[in-house]
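Below is one structure, written out as structure tokens; the observations come after it.
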Amino acid sequence: DEAALKKYREAEVTHGRVAMLAVVGFLVGEAVEGSSFLFDAQISGPAITHFTQVPDGWDALIVTMI
């Protein structure tokens, strides 16, 4: 079906764009480590561990926004 194929192609492009933005965010998070005004620059180390270092209360807000 041509309509279904078009829908799947659009979804693939959309997911690709979201993935590219996620990678950029991950890399920017690595680049600004320790120099951010957020959380008084107390979050450090590799980006994969940043979420666990977020102060209490913020994690619920972040999950809600996702």
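In the hydrophobic cluster analysis, where Ile, Leu, Val, Met, Phe, Trp and Tyr join through side-chain heavy atoms closer than 4.5 angstrom, V63 is grouped together with L61.
The line from CG of D1 to NZ of K6 is 12.0 Å long, rounded to the nearest 0.5 Å.
Side-chain contact check for V13 versus R9: every heavy-atom pair is 4.5 Å or farther apart.
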